[in-house]
Amino acid sequence: MEEKQSTNSHHIFPETPIPCSVLGPEKHPKQLDYGDDNDDDESTLSALCVPGSRLVRTGFVHSTCSDNLVLFVNAGGEALNENRNLGIQVEPDRFFQGGDVLRTDETIDGSDVPSIYQSARFGNFSYRFENLSPGDYFVDLHFAEIVYTNGPKGMRVFDVLMQEEKVLSGFDIYSIVGANKALQLVDVRVSVWEDGAILIRFLGVNGSPIVGGICIKRAAMLPASKVEHGRLVVCNNCTAEIEISSAQEKYIRLEYTAKYEKKIEELKTRCQVKTNESHEAWMSLTSANKQLQNVTMQLDNKMYESHCLDQAREETAAKLRDIAGKYEHDRRLWTAVADNLERKVKSIKQEYSQLYSEVHEFTDAIPELNNMVSAVQAMVAQSDDLKLKFSEEQAKRKILYNQIQEAKGNIRVFCRCRPLRKEDLLAGQATVVQFDAAKDGELGILTSGSTKKIFRFDRIYTPKDDQVDIFSDASPMIISVLDGYNVCILAYGQTGTGKTFTMEGSDTNRGVNYRTLEQLFKIADERKETFIYNISVSVLEVYNEQIRDLLATSPTSKRLEMRQAPEGVHHIPGIVEAKVQGIKEAWNVLQAGSSARAVGSNNVNEHSSRSHCILCIMVKAKNLISGECTMSKLWLVDLAGSERLAKTEVQGERLKEAQNINRSLSALGDVISALATKRSHIPYRNSKLTHLLQDSLGGDAKTLMFVQISPSEQDLSETLSSLNFATRVRGVELGPARKQIDMGEAQS
Ligand SMILES: Nc1ncnc2c1ncn2[C@@H]1O[C@H](COP(=O)(O)OP(=O)(O)OP(=O)(O)O)[C@@H](O)[C@H]1O
């Protein structure tokens with residue numbers, strides 16, 4: 001500590017040599033170097049009033065411990081008995097007069113013992129230490145700004161006096177180290193006289209003074225050479241060293257202090273003036289700003305108005321340009337029109353004069369023309385007569401054609417036998433069907449041993465007959481449909497005998513359905529000069545006595561039922577009737593219906609065997625010559641397999657299916673039987689199938705049934721059953737067919 005305390009006067013005023021003649025009170029050094037920390041900050045330097053003292057920007061550190069320590073007081077705090085760590089004894093706060101205590105929990109940087117700085121005494125207070133031996137002492141003061149931690153500078157400014165001598169002037173802790181950082185004033189040399197006391201006073205300049213700790217150390221005895229009687233200063237002019245007394249030095253320092261205090265006062269006054277000026281300037285700036293804002297707003301409004309006006313002007317200009325363009329265009333147009341008219345008038349005038357001369361010529365030829373007109377009229381009448389006759393002939397042809405069909409029978413039964421399958425051949429199955437007299441419509445069935453049963457049908461198809469042969473006999477029915485008769489083509493037989501093969505066929509081997517539609521559209525096209533045909537199709541399925549519309553896009557909970565309209569026409573309300581223009585369209589619709597059949601079924605083949613698949617083609621026709629309208633239906637039915645199932649073999653859903661199939665097929669037999677015996681009541685309503693086909697079975701319709709059989713001996717029983725059923729159907733002699741007049745169309 002004493003090492004740092006220099007007694008060499010060169011160190012006191014080293015940088016500012018002054019002339020020896022002006023070492024009076026009015027001249028003194030301007031700037032002092034007060035220690036090793038080299039605090040060149042203006043405020044720091046100006047605060048120090050005593051030579052030899054220094055401001056250190058750290059707090060207490062162990063390395064500064066000194067053997068000369070007399071007393072260390074923790075201002076505003078408790079005793080710190082941390083001898084081991086500190087190496088010193090820090091006394092609790094005593095010796096003070098006045099003031100209050102402050103504490104903080106914030107961390108204080110810059111000291112080994114931050115707790116010294118976390119408590120402080122503040123306010124108007126002083127410390128008086130007594131019972132000290134006379135002699136020189138060093139006093140260290142410990143500070144930290146723990147209240148105004150956010151500044152600003154100047155909130156706490158105070159002076160410190162020791163033994164009534166100012167050692168710190170205008171001291172502001174925050175401006176030197178900021179908040180919560182330790183700061184020390186060290187090595188303030190004081191002399192203790194006979195009274196044995198050191199008095200330290202803290203005086204507020206702005207705000208209250210504050211101190212964290214006070215340390216008193218005894219000054220070591222100095223060697224005689226360094227004992228100070230006076231101070232040495234360097235003369236400005238002669239650079240000679242001059243000794244000044246401590247009274248002179250004190251006087252200089254007081255002068256120096258007074259001068260700076262005066263300067264501070266002046267600066268304060270100037271500062272106040274500047275503040276007032278600033279305030280006025282600020283006020284006028286605010287008012288100018290307001291005016292500027294108003295002007296800006298007005299300017300914005302004007303700019304907006306100007307923008308709107310510009311837009312309006314541009315729009316008006318565009319309109320004007322447009323009008324001018326149109327005017328120019330119209331002018332050219334009208335000029336061209338006028339020219340054209342002029343030319344036309346000229347040519348009309350010419351034509352007129354030419355016509356005028358022609359009229360004269362025609363007038364002369366009128367008698368000849370009259371003759372020609374009467375000749376044309378006679379030809380027209382002749383043509384009408386011919387048309388009428390043609391129409392009558394056509395009607396007669398239809399009647400004759402129908403009579404031929406009737407002569408063949410309105411219910412016609414064709415029997416088709418499929419070939420033996422590979423597996424039948426491999427299993428060694430024998431054929432029980434004989435086709436010796438097939439051309440005469442006779443079929444022989446070997447029932448047992450040499451017993452042979454003969455069946456007769458309208459036509460017998462052997463396994464060798466192909467799809468073309470089959471259709472050649474079915475095609476006359478199509479002319480009947482287009483002539484307004486209801487037609488029903490059914491395929492009946494045991495499962496696997498070829499019902500679907502006959503009706504649908506395959507893409508390469510088309511069956512009755514495709515060929516029928518193809519022929520229907522072909523004939524309709526041939527007749528387009530005399531007939532308008534509207535053709536629509538429906539695709540239905542009867543399964544377990546329920547009708548399902550296979551063209552319906554969404555499933556409906558409503559049950560589909562056959563109803564009879566007041567005009568006597570049978571129809572199913574709510575069913576999809578797809579209008580079709582040609583075979584391609586019609587076939588696509590039918591295919592869509594067939595695909596829908598598979599939906600919801602696990603085994604498509606099995607399902608198709610146990611349900612009746614029904615295509616209905618509705619034909620509306622209008623005779624353009626006679627005006628007669630007809631509405632007829634063509635039913636194409638692939639019936640469910642007719643085989644009988646032993647009751648013991650089936651149960652559950654399968655039994656229900658079998659019962660429903662049996663019921664509908666036997667209902668079909670019953671209806672035909674009732675028609676055959678001309679009973680008054682025909683039981684059409686006993687099954688959904690017969691109810692559907694009501695207006696196409698019997699009296700006023702033509703029916704064609706393909707009875708499909710298997711040649712295999714293992715199917716003998718089912719073959720006989722099918723042939724017996726078909727014989728019953730064929731035995732019916734029905735009345736003449738009736739044309740289906742479309743009452744709705746005819747009335748309208
Ligand atoms: N005349 C025939 N010539 C060649 N093959 C035939 C003939 N008739 C039927 N078939 C074949 O026999 C098999 C069964 O025919 P199909 O499916 O048409 O019988 P189905 O009576 O409709 O049976 P299901 O009642 O189960 O629907 C098919 O493979 C079919 O190609």
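Whatever order the structure lists them in is the order used to number ligands and atoms, beginning at 1. One-based numbering along the sequence shown.
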NZ/NE/NH1/NH2 to OD/OE distance under 4.0 Å, [X] and [Y]:
X: D465; Y: R416; result: no
X: D525; Y: K522; result: no
X: R459; Y: D473; result: yes

Output yes when the distance from some N or O of ligand 1 to some N or O of [X] is under 3.5 Å, and no in every other case.
X: K499; result: yes
X: L639; result: no
X: C417; result: no
X: F501; result: yes
X: R418; result: no

Is there a donor-acceptor contact under 3.5 Å linking the side chains of [X] and [Y]?
X: N660; Y: Y543; result: no
X: T690; Y: S687; result: yes
X: D638; Y: T500; result: yes

Quiz item: Using a heavy-atom cut-off of under 4.0 Å, does the side chain or the backbone of Q494 touch ligand 1, or both, or neither?
Solution: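 Contact part for Q494 vs ligand 1: backbone (N, CA, C, O).
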
Quiz item: Of all the atoms in ligand 1, which lie at a distance below 4.0 Å from a heavy atom belonging to R416?
Solution: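 Going through ligand 1 atom by atom, the ones under 4.0 Å from R416 are 1 (N).
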
Exercise. For P419, take its heavy atoms, then give the atoms of ligand 1 lying under 4.0 Å from any of them.
Key: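 Matching atoms, with element in brackets: 1 (N), 2 (C), 3 (N), 4 (C), 7 (C).
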
Quiz item: Has E368 got more than 12 heavy atoms of other residues, nucleotides or ligands less than 6.0 Å from its CD?
Solution: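 Incorrect, the count does not exceed 12.
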
Quiz item: Any non-hydrogen atom of P463 lying under 4.0 Å from ligand 1?
Solution: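 The answer is no: ligand 1 sits nowhere under 4.0 Å from a heavy atom of P463.
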
